[in-house]
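Written out below as structure tokens is the structure these notes cover.
Just so it is clear: chains get the letters A, B, ... in the order the sequence lines come, proteins before strands, and each one is counted from 1. Just so you know, these numbers use all the heavy atoms, side chains as well, and skip hydrogens, waters and symmetry mates.
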Amino acid sequence: MDAIFKNLTEAQREAVAHVDGPMLILAGPGSGKTRVVTHRIANMIQQGVQPWQIAALTFTNKAADEMRLRVNALAPNQPVWMGTFHRFCAQQLRRYATMVGLQENYSIYDTSDSKQAMKRAVLAAGVSTTHASPDQIASAISDAKNRLMTPEMMLGQTLRPLDTLAAKVYPIYQQQLLTANAVDFDDLLLHVANLLRENPELRSEMDRKFKYILVDEYQDTNLAQYAIVRALSIDQPNLAVTGDPDQSIYGWRGADLNNILDFEKDYPSVKTVRLEKNYRSTPNILRAADQLIRHNRRRKAKDLFTDHPEGDAVILRMFEDGYQEADGIADEIIRAITDEGMKPSDFAIFCRMNALTRSLEHALRSRSLPYQIINGVEFYQRREIKDLLAYLHLINNPSHDVALMRVINTPTRGIGNRTVERIRDFADYNAIPMLEAARRANEIEGLAKRAITMIGKFIKIYDRLAIKANSSLEDMIRYLVTETEYEAYLEKTAVEQQDANPMSNVDELITAAVEFDRQHPDDGSLEAFLEQVALVSDTDSIDGETDRVTIMTLHASKGLEYPRVFIIAVEDDLLPHKRSKETDAQFEEERRLLFVGITRAKEWLQMSCCKRRAIRGDTRPVIPSPFLNELPLDEMKRIESTGNRDWFDEEEDSYDQSYPDSWDLPDEGEPTSDTIAESAPIVAPAGFEIDEISQLPQEELAAAVKPKKKNNVIVAGLKTGADLLAGGAPPLMSYREGTQVRHAEHGEGTIIEVTGRGPKRTAKVQFDHGEHSFRLAYAKLEVL
DNA sequence: AGTCGTTGCATTTTT
DNA sequence: TGCAACGACT
């Protein structure tokens with residue numbers, strides 16, 4: 001038996017061996033799904049399927065990268081198409097752009113771009129924003145797009161007042177996008193879905209071309225994605241989807257659970273394979289997950305089992321407040337590192353909202369524990385990066401109005417709001433791009449002479465830049481920075497305390513551009529670069545290489561696994577979130593969210609909640625999450641934590657009595673109350689062990705943490721451009737050939753070569769006494 | 001054009 | 001509590 005079928009279970013083998021016809025793989029968490037998918041692709045190729053007829057669609061770049069890596073190990077260098085839905089659509093849309101009224105160099109508006117565009121559309125539509133903000137209207141339109149509704153359809157059947165407003169803005173927004181030769185994220189899918197729906201010949205051509213289609217995380221598909229996949233699987237219904245209804249957590253973004261629940265109805269001849277055996281977690285963890293998710297009604301029943309040994313009981317722990325929760329978690333991590341030889345990167349902390357990460361950050365930092373937060377200000381959201389990218393966008397697509405509005409007065413050149421408004425109105429009135437309107441400034445009524453002169457100056461600068469459109473990205477950006485005197489502008493407008501040196505971010509962008517040029521010697525066009533930038537996100541940059549604790553939202557945790565997991569704030573109104581309790585569907589999605597979090601843990605899991613929590617300034621008492629009652633509490637280890645906020649408190653053995661009414665879990669009689677009600681104050685609530693409080697002084701604990709690097713705290717937002725594009729490298733700073741650096745031992749030198757990607761990125765440095773190579777991720781090289 | 005103070009907002013966010 | 005966005009002011 002060859003490598004492809006070795007070490008597979010019966011169910012896995014069955015799925016891998018399947019070649020033709022529809023297939024549904026119901027894959028529980030940790031069931032080796034990626035393994036099955038990749039092995040299956042390899043098998044199909046071995047069975048004679050042409051690799052270019054296979055398209056594997058994922059939701060994230062990270063998932064696609066992972067897949068590519070693993071397929072490559074089994075079947076090297078096969079031209080199988082692997083990538084995200086959005087990238088797939090972007091690519092097809094380049095080819096057929098004119099059919100939907102776009103040019104092939106169309107731009108992709110990111111969320112903030114479309115927000116800008118939406119404001120303008122709302123204004124142009126003359127809709128009052130007193131009852132609905134542009135954001136709300138935007139999300140109503142987005143919902144409509146996800147449901148494949150055209151503006152006309154929306155006008156036909158509106159129900160909610162918000163939708164009535166949205167229906168008025170929608171056509172105008174769409175028209176303005178077309179004029180700008182741009183699409184938003186939703187449009188990528190929508191346009192392609194419409195193309196397929198309206199052009200039978202094109203549809204059958206593409207159906208033939210992508211003979212085999214695989215969709216990952218099928219439970220997260222929305223109607224547009226569903227329509228695309230279906231349209232490509234009519235004549236050649238070789239559609240294989242993998243997913244888990246229990247891990248559908250993007251309903252609020254239009255994902256439709258019915259897509260996976262009804263797959264068997266859509267394709268009656270479907271072969272269904274269930275992957276239920278879990279290779280990730282201990283039975284303890286699985287039982288908690290299983291019992292919880294059993295409370296959902298809308299699901300496909302599934303058994304979760306594993307061969308793993310029992311392992312530690314799942315912990316449910318209660319803290320006084322959010323600060324103690326954070327401290328308690330940090331201390332536990334340090335304890336496990338000291339006592340059990342764990343590494344910081346073995347730990348992950350999940351929470352419902354980003355706002356909850358603050359106290360964690362503080363607690364970890366004060367103990368010198370290295371950590372990373374997944375979220376934060378993305379590199380591409382930084383002002384200086386957005387500015388430069390906007391110039392690039394405008395060079396690539398002169399109709400990109402959002403970019404024009406951003407750069408026309410950046411750096412400041414005397415073109416004020418009023419002036420921009422007049423240009424915009426003129427553009428709207430004539431249905432032309434704003435750049436063109438600006439060129440015709442002398443036709444615009446009410447513009448001062450001075451303004452016209454200034455606009456003329458801008459146009460001159462722009463035209464000079466535009467000539468560079470075909471040079472290398474690096475040259476273009478450097479030229480752009482010089483030509484616009486951007487550096488001087490940055491210095492002048494530097495915001496204190498914000499970012500120390502924004503110019504280093506500019507260097508980052510250049511590094512990313514150089515890298516892109518290098519990786520795409522042939523198609524390294526501006527257009528491809530901008531598309532790449534538009535379609536990467538910050539979750540693509542989770543760093544698994546360096547040794548740090550990872551903090552993230554439950555949403556971001558999907559698809560990942562960690563030896564030890566903490567889930568914080570398992571509290572009512574937070575998980576389930578206050579705003580997600582109205583419908584059963586929402587409530588069940590919240591339950592799935594916790595399910596996803598639990599099943600990330602391999603060997604150890606702690607869920608925690610507090611008695612009171614500071615939220616938005618004031619501290620409020622907290623009710624534990626109703627989900628807690630759905631867990632196998634009897635077999636879990638329940639800890640009631642108090643005290644320990646003062647390390648040197650002599651009396652830390654006595655318990656804070658001010659909140660005696662601790663664990664009143666709602667509903668379903670919980671083994672508590674009467675014990676605490678009258679009995680001795682020192683007794684913890686029934687069912688809870690007293691937590692032993694670590695007595696080590698703080699410095700000693702900090703010393704116990706291995707890497708005593710100076711810069712060991714990695715805060716959100718330090719991700720770099722090259723990092724994002726390469727998918728997961730630590731900051732590269734401005735290391736490139738010719739850079740002068742200093743090394744602690746070798747002294748000063750010059751970088752003579754930079755090779756490799758991501759964490760493997762290496763610089764060869766010439767010192768007085770010889771050459772040395774350093775991994776940039778780890779070496780202490782100081783840029784001079 | 002840029003500063004400053006007030007107001008209103010606060011769930012998650014694969015692309 | 002912490003911010004982004006807006007409007008009044010200089």
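Residue A:T412 places its side chain closer to B:dG2 than to any other of B:dG2, B:dA10, B:dT14. The side chain of A:T60 lies closest to B:dT14 when the candidates are B:dT14, B:dT11, B:dT13.
With a 6.0 Å radius and a threshold of 12 heavy atoms from other residues, nucleotides or ligands, A:K581 has its NZ atom above the threshold. Residue-environment remark: CD (A:E561) exceeds the threshold of 12 foreign heavy atoms within 6.0 Å. Annotation: A:F587, atom CZ; neighbour count of heavy atoms from other residues, nucleotides and ligands within 6.0 Å is above 12. Counting non-hydrogen atoms of other residues, nucleotides and ligands closer than 6.0 Å to NZ of A:K115 gives a total of 12 or fewer.
A:D186 comes within 4.0 angstrom of nothing in the nucleic acid, heavy atoms only. When heavy atoms are screened at a 4.0 angstrom cut-off, A:S580 is found touching base atoms of the nucleic acid. Nucleic acid contact class of A:L57 (heavy atoms, under 4.0 Å, all strands): none. A:F85 comes within 4.0 angstrom of nothing in the nucleic acid, heavy atoms only. Within the nucleic acid shown, A:G414 comes within 4.0 Å of sugar-phosphate atoms alone, with no base atom in reach, counting heavy atoms only.
Distances shown here put every side-chain N or O of A:N61 at or beyond 4.0 Å from the OP1 or OP2 atom of B:dT14. For B:dT13, the OP1/OP2 oxygens have a side-chain nitrogen or oxygen of A:N354 closer than 4.0 Å. Distances shown here put a side-chain N or O of A:T553 below 4.0 Å from the OP1 or OP2 atom of B:dT13.
To the nearest angstrom, C1' of B:dT13 lies 15 Å from CG of A:D184. Residue A:D573 contributes atom CG, which lies 12 Å from atom P of B:dT11 at whole-angstrom precision. B:dT13 atom C1' lies 13 Å from atom CG of A:D110, rounded to whole Å. What separates CE of A:M353 from P of B:dT11 is a distance of 8 Å, to the nearest Å. Between the C1' atom of B:dT14 and the CE atom of A:M552 lies a distance of 14 Å, rounded to the nearest Å. Atoms CG (A:N417) and P (B:dG2) sit 10 Å apart, rounded to a whole Å. Atom-to-atom, CG of A:D220 to C1' of B:dT13 comes out at 12 Å; the value is rounded to the nearest Å. Rounded to an integer number of Å, the gap from A:I568 CD1 to B:dT12 C1' is 14 Å.
Checked for salt-bridge contact, A:R299 and A:D246 meet the test: a charged N lies under 4.0 Å from a carboxylate O. A salt bridge is defined here as a Lys NZ or Arg NE, NH1 or NH2 lying under 4.0 Å from an Asp or Glu carboxylate O, and A:D584 with A:R298 fails to meet this definition.
Legend: salt bridge (charged side-chain N to carboxylate O under 4.0 Å, His left out) pairs involving residues 219-232 of chain A, not counting sequence neighbours, sorted by first then second residue: A:D220-A:K558, A:R230-A:D266.
Nearest-nucleotide positions on DNA chain B for A:H577 and A:N409 put A:N409 closer to the 5' end. Residue whose closest nucleotide on DNA chain B sits further toward the 5' end, between A:L593 and A:R87: A:L593.
Taking the ring centre of A:Y106 as origin, the terminal cationic atom of A:R94 falls inside the region bounded by 6.0 Å and 45° from the ring axis.
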Listing time: all N or O pairs from protein to nucleotides 1-7 of chain C that are below 3.5 Å?
| residue | atom | partner | partner atom | Å |
| --- | --- | --- | --- | --- |
| C:dT1 | O4' | A:G617 | N | 3.2 |

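Under 3.5 Å, the side chain of A:R253 and the base of B:dT13 form at least one donor-acceptor pair of N or O atoms.
Residue A:W252 and nucleotide B:dT12 are classified as a stacked aromatic pair, their ring centres being separated by less than 5.5 Å at an interplanar angle below 30°.
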